[in-house]
Every structure is written in structure tokens, then in C-alpha cells.
Amino acid sequence: MAEVKLHGSWPSPFNHRVIWALKLKGVEYEYIEEDLSNKSELLLKYNPVFKKIPVLVHGGKPIAESLVILEYIEETWPENPLLPKDPYERAMARFWIQYGVTKGAPIGVFYRASGEELEKAAKELREMLKILEEQGLGDKKFFGGDSINLVDISYGALAYWFAAMEEASGVKVLEPSTLPRLYSWAKNFIEVPVVKENIPDYDKMLAYVSATRKKLAKNYRP
Amino acid sequence: MAGDQVTLLDFWASPFGMRVRIALAEKGVKYEYSEQDLRNKSALLLQMNPVHKKIPVLVHNGKPVCESLIIVQYIDEVWKDKAPLLPSDPYQRAQSRFWADFVDKKIYDIGRKIWTTKGDDQEAAKKDFIDCLKLLEGELGDKPYFGGETIGYVDIAFVPFYSWFHAYETVGNFNIEAECPKLIAYCKSCLQKESVSKSLQDPQKVYDFIVMLRKNLGVE
């Protein structure tokens with residue numbers, strides 16, 4: 001069985017996605033923490049196009065982009081499937097994963113903005129999440145039904161990291177009054193053992209998010 | 001598959017729609033092409049894609065599939081007995097997904113900046129655009145297609161933008177072929193395939209369309 005390595009960075013939710021998927025599949029791997037302010041030669045060799053983490057290296061061959069890595073993990077280790085078998089259901093799962101990518105831009109703004117700009121981003125996020133809740137999640141416990149799948153994993157950051165962003169910015173978006181089902185989803189998601197055991201301490205995340213907020217706000221030029 | 005009802009909601013100039021047209025042609029799928037008016041969206045389009053209200057939408061036996069690359073993967077999985085679009089090896093599949101995603105992240109948005117901006121912004125977009133094309137050219141290497149010997153997922157993701165190159169070049173006043181001759185040679189050879197030539201649009205028509213869009217946007 002070829003060696004599996006994951007180059008990641010402890011705060012990154014993109015990194016956590018890959019960890020959860022590997023754990024759910026029972027894949028043994030070696031984790032390498034990358035210093036993003038001083039990227040290793042190896043990382044630059046493995047991801048010359050974007051120079052980012054996460055990068056999964058399987059038998060010496062690198063795969064970059066967390067969503068691409070998730071599909072690779074799903075195909076390479078088919079036990080405990082994380083995508084539906086039916087092509088139409090798979091297309092719907094991929095649609096909702098892609099929705100987060102296409103509509104996720106306000107998260108970046110939410111991360112660093114303040115005042116009116118922050119409020120505007122929060123409003124956009126609430127609208128985007130409402131559609132996700134009503135049309136994507138519906139009445140299901142998880143996007144995957146009774147257990148989590150790649151769609152849940154792709155939205156994972158909402159369930160833990162986002163709370164730190166809300167606290168750091170002073171604006172709440174994911175609230176039980178306005179997004180009740182998504183709020184419940186988040187609470188359930190965090191309790192899944194593989195997730196619970198593989199997310200950073202809340203206080204560490206809050207400190208990191210607060211510090212990054214200050215840095216991003218300072219460097220931002222509209 | 002007998003008895004299949006396949007409709008494609010599309011817009012003639014859309015490179016995203018062209019991707020689906022190529023995939024359907026490669027698989028020999030009979031379908032109804034339904035041209036959509038994007039300034040006056042039909043009830044059907046709004047019903048089939050309520051979330052994004054965009055084309056392309058593939059309607060297969062009444063059920064809609066949205067987002068062009070998701071549609072192409074769906075087509076590959078349903079009509080799996082002919083012309084595989086994604087490689088069978090998981091690592092090669094991951095590489096195909098990576099590069100198709102790269103095209104998605106970069107080509108349309110940077111291309112759009114070329115025809116919607118001026119001055120320094122446009123110059124920066126042109127440079128960015130060429131840098132991305134050079135990366136793709138490097139990835140193509142000496143292969144006839146990104147997928148190897150046969151047309152595949154990355155080819156389908158990328159080659160429709162060739163219809164738009166003449167428009168980018170004319171508006172941006174630059175020459176893509178001079179910077180990326182191998183990539184342009186590759187695009188031209190793709191056009192030798194009927195599935196591609198029947199799916200792409202006349203670059204002059206696309207240019208005229210861009211001119212009209214620029215006027216409407218007030219960019220001149």
C-alpha cells in the first residue's frame with residue numbers, strides 16, 4: 001500500500017476537509033505541517049500552480065485543491081462511500097458542493113471587513129445559506145442523509161470555524177432563528193467523532209481568526 | 001439508451017454551453033437544443049435552475065442537471081459505454097479535475113476583464129491571461145489532447161474559449177497565437193473533430209456579440 005502524506009496547515013478548514021475524509025476511509029497517513037509564511041521546497045514542487053495547501057501525496061504523486069483531493073480519496077478508497085452511487089444524485093451532490101464555491105465570495109469579505117461592508121457581506125451570506133438550507137439540506141439531518149458525505153465535509157467550516165469568525169467580527173449569521181435547519185446541521189456535524197477529534201481548539205481558532213482579521217483589514221485596498 | 005428524453009437549455013455564445021454540446025456529440029446522444037433568451041428568462045429555465053437561473057441546463061427525462069462541468073461528468077457517467085471523457089485511473093482523473101477547475105477559475109473571469117476594462121486594468125488582465133494559457137500549454141506538452149490520445153474532460157472544459165479568443169484579441173489588441181503557438185495549434189486541431197466544430201461558434205459572431213455587450217455595459 002503506497003504511502004499517503006498530507007501537507008497542511010493547522011488552522012485551514014480546507015486541510016481539515018481532507019483529514020476528515022481520510023479518517024472516514026480509515027486511511028493511514030503522515031501529516032506535514034507547512035509554514036505558509038515560509039513555504040517548503042517540497043510544497044512548491046508539489047503545487048507549483050497555486051503554491052497552496054492542502055496537498056495530498058500518494059505514492060509520491062501530488063494532488064492539489066481540496067475538492068479534487070476529496071473526489072480522489074472517494075475513488076481510491078471506495079469503502080464507506082461519501083458520494084451517492086446514482087449518477088443523478090451524484091450530480092446533485094456535486095452541484096451543492098459547487099454552490100459553496102461559486103457563492104462563497106462574501107465569506108472572504110466577512111473575514112476582513114467592518115461596518116457597512118461587513119453588514120452587506122453578512123446579508124449576502126444569510127441569503128446564500130437560506131437557499132442552501134431550503135433546497136440543499138431540506139429536512140435531512142446531514143446532506144448525506146443519516147451520515148455525512150462529501151457535501152457535509154465541503155461545508156464543514158460553517159460548523160466550527162465560522163463561529164470564530166462571527167465572534168471576531170461581532171456579527172452573527174448562522175442563527176437558529178433565521179437558519180434553524182442549518183444551525184442544527186452544524187451542531188450535529190461537530191458531534192461526528194471524526195470531525196470532533198479533528199478540529200482545532202476553539203480558543204486557538206478564535207485567536208488565529210482575530211489576528212488574521214486585523215492583518216487582512218490593514219492590507220486591504222478596495 | 002432508448003426512450004431517453006434529453007434537452008439542453010443553452011445560449012449560442014456560451015463557452016459553458018459549448019462544453020455540454022461537445023460532450024453530448026462525443027457520446028452520440030440525441031437531444032433537443034433549446035436556445036434561451038438570457039435577458040428575458042423563460043419559465044422553464046427558472047424552473048429548471050431556480051438557484052442560479054443560468055444556462056447550460058441538461059434536462060434528462062425531466063430532471064435538470066446544472067453547472068457545465070457537473071453536466072459533463074454526469075454525461076460521462078450515464079452514457080458510459082462510449083467515448084470516455086475522464087480517464088479510468090483515479091490519479092489521472094484527479095489531474096483532469098485539477099486542470100478543468102483551473103480553466104474554470106481563471107479563463108472566463110480573466111477573459112471577461114479583458115473586454116470589460118481599459119488601461120492598466122486591461123493590461124494586467126491580458127498578462128494574467130497569457131500566463132494562464134502558458135501554464136495550460138505546458139500541461140498539454142506534446143500530447144494531441146490534454147486527455148492524451150483522445151479528447152477528454154480538460155479539452156472539453158477549455159477549447160470552447162477558443163471561440164472567444166478573436167474577440168479578446170481584437171478588444172485587447174494583442175495576439176494570443178504569437179504568445180502561445182502550440183496551444184492555438186492544438187485548438188485548431190480540435191476543430192477538426194466534428195463534435196467540436198459543430199459545438200463552437202464563429203469567432204466573428206462572438207466578437208460582434210462582445211461589441212454589443214460592451215456598448216450595453218458602457219465600456220468603450
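Note on naming: letters A, B, ... go to the chains in the order of the sequence lines (proteins, then strands), and numbering restarts at 1 for each one.
Summarising the geometry, atom OH belonging to Y99(A) is positioned 11.0 Å from atom CD belonging to E67(B); distances are rounded to the nearest 0.5 Å. R94(A) CZ to C66(B) SG: the interatomic distance, rounded to the nearest 0.5 Å, is 14.5 Å. With rounding to the nearest 0.5 Å, the separation of CG in L86(B) from CD in E75(A) is 8.0 Å. Taken to the nearest 0.5 Å, the OG atom of S96(B) stands 12.0 Å off from the CD atom of E71(A).
Only the side chain of R90(A) comes within contact range of chain B, with at least one heavy atom under 4.5 Å from a heavy atom of that chain. With a threshold of 4.5 angstrom between heavy atoms, Q95(B) approaches chain A through side-chain atoms but not through N, CA, C or O. Only the side chain of R93(B) comes within contact range of chain A, judged by heavy atoms closer than 4.5 Å. Interface residue K105(B): only side-chain heavy atoms are found under 4.5 Å from chain A.
Heavy-atom contacts from other residues, nucleotides or ligands closer than 6.0 Å to CG of D120(B) number 12 or fewer. Summarising the local packing, NZ of K143(B) is surrounded by more than 12 heavy atoms from other residues, nucleotides or ligands at distances under 6.0 Å. For NZ of K127(B), the number of neighbouring non-hydrogen atoms (other residues, nucleotides, ligands) closer than 6.0 Å is 12 at most. Applying the 6.0 Å contact sphere to CD of Q5(B) captures no more than 12 heavy atoms from other residues, nucleotides or ligands. Atom NZ of K41(B) is surrounded by more than 12 heavy atoms from other residues, nucleotides or ligands within 6.0 Å. The local environment of NZ in K39(A) is crowded, with over 12 non-hydrogen atoms from other residues, nucleotides or ligands closer than 6.0 Å. Within 6.0 Å of atom NZ in K198(B), 12 or fewer heavy atoms from other residues, nucleotides or ligands are found, so the atom counts as exposed in its surroundings. The environment of NZ in K113(B) is sparse: at most 12 heavy-atom neighbours from other residues, nucleotides or ligands sit within 6.0 Å.
The stretch residues 61-68 of chain A places K61(A), P62(A), I63(A), A64(A), E65(A), V68(A) near chain B, each with some heavy atom under 4.5 Å from a heavy atom of that chain. At a heavy-atom cut-off of under 4.5 Å, chain A is reached by no residue from residues 30-39 of chain B. Heavy-atom proximity under 4.5 angstrom to chain A picks out nothing from residues 13-29 of chain B. Taking non-hydrogen atoms and a 4.5 Å limit, the residue list of residues 149-162 of chain B in contact with chain A is empty.
Proximity of the aromatic rings of F50(A) and F98(B) is defined here by a centroid distance below 6.0 angstrom, and this criterion is met.
Of all heavy-atom pairs spanning A91(A) and V65(B), the tightest one is CB-CG1, 3.8 Å. Residues Q135(A) and P50(B) approach most closely at OE1-CG, 3.9 Å, considering heavy atoms.
In terms of non-hydrogen atom pairs under 4.5 Å with chain B, the most contact-rich of F95(A), Y72(A), Y88(A) is Y88(A).
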